[in-house]
Each structure stands twice: as C-alpha cells, then as structure tokens.
Amino acid sequence: MPTTHTLQNDRSEPLSFWLEPWAEQFEIPKGSTLKLLCHCVEGGECVPEIVATDDLLIYYFGSGCRVRVWLDDEEVTSPASWSLPSP
C-alpha cells in the first residue's frame, strides 16, 4: 500500500533534503512543500529512517521501496528512485 510523506519548509531559508539509498538531493525553498509517494513490495514498509540537522533532512527507505517526489505540485522524480527498488 502506498504511503505519502509531506514536508513543509516553514523556515526562512532553504532546506536540503536527501533521498536515500538513491543519493538524490533536493532543495526545498522557504515556504515550499515536498511530497513523497512511497510504494514497497509486499511485506515491505514505507517507513524511512530519518536523520535531521539544522539545515538537512535525510530519508533512508528500506529494502524494496520505490519513491516518487513532488516539489510544490511539480513532479521531480528521478528515474532511479521510481524504477529501481531500494536494495
């Protein structure tokens, strides 16, 4: 079952976001929203491990997940994160 994760940058400056294990980086401008749609193979969980610092968020999805990404309603998904399930 797909899971949605929504991140709103309410800070006064951009926020860096890394999507792992695909090594994809996105910048979330101030006031913008990043939305992730995660789909995992049967039995997998779309619950990422999250690491946060003052200016960086890292989401690490476990085995068998694929992720689509939107920034302010514009899809910015890379071919790797949607077509290649995480190892």
Side-chain angles (χ1 to χ4, degrees):
M1 172 178 215
T3 303
T4 301
H5 302 265
T6 303
L7 307 167
Q8 173 74 38
N9 183 6
D10 293 328
R11 300 161 29 105
S12 60
E13 55 193 47
L15 179 65
S16 292
F17 177 82
W18 291 355
L19 181 61
E20 296 289 354
W22 301 278
E24 295 178 13
Q25 183 174 356
F26 301 92
E27 184 174 288
I28 308 171
K30 66 179 183 176
S32 290
T33 301
L34 189 78
K35 181 175 140 184
L36 309 172
L37 176 67
C38 177
H39 181 72
C40 292
V41 295
E42 189 172 326
E45 290 189 34
C46 286
V47 178
E49 178 181 335
I50 301 171
V51 176
T53 68
D54 288 339
D55 58 355
L56 172 66
L57 273 176
I58 302 171
Y59 272 39
Y60 191 97
F61 285 93
S63 182
C65 294
R66 296 180 299 143
V67 179
R68 293 176 70 183
V69 183
W70 288 265
L71 181 60
D72 291 332
D73 298 323
E74 179 181 340
E75 187 165 8
V76 292
T77 304
S78 80
S81 63
W82 185 243
S83 62
L84 300 172
S86 55

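Worth saying up front: this structure is predicted, and the values here are computed from it rather than measured. Below, each value reflects all heavy atoms present in this structure, side chains not excepted, and no hydrogens, waters or symmetry copies.
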Pairwise side chain to side chain donor-acceptor pair (under 3.5 Å) hits with a residue in residues 12-21, at least two apart: R11-E13, W18-Q25

Expected output: side-chain T33 to main-chain D72 donor-acceptor under 3.5 Å: no

What I'd like to find out is whether the side chain of [X] reaches to under 4.5 Å of the side chain of [Y], using heavy atoms alone.
X	Y	value
L71	P29	yes
K35	L37	no
C38	F61	yes

Are [Y] and [X] co-members of a hydrophobic cluster defined by side-chain heavy atoms under 4.5 Å apart?
X	Y	result
V67	W70	no
L19	V76	yes
V47	I58	no

Qualifying residues under salt bridge (Lys or Arg N to Asp or Glu O under 4.0 Å), relative to E27, sequence neighbours excluded: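 Once residues adjacent in sequence are excluded, E27 has no partner under the salt bridge (Lys or Arg N to Asp or Glu O under 4.0 Å) criterion.
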
So, using ring pair (Phe, Tyr, Trp, His ring centres under 6.0 Å) as the criterion, who are the partners of F17 when residues are at least two apart? Y59

[X] versus [Y], closest heavy-atom pair with distance:
X	Y	result
P21	Y60	CB-OH, 3.5 Å
G31	Q8	O-NE2, 3.1 Å
I50	L57	CG2-CD2, 4.2 Å

How long is the gap from [atom1] on [X] to [atom2] on [Y], to the nearest 0.5 Å?
X	Y	atom1	atom2	result
I28	L34	CD1	CG	4.5 Å
S81	L36	OG	CG	9.0 Å
D10	K30	CG	NZ	12.0 Å

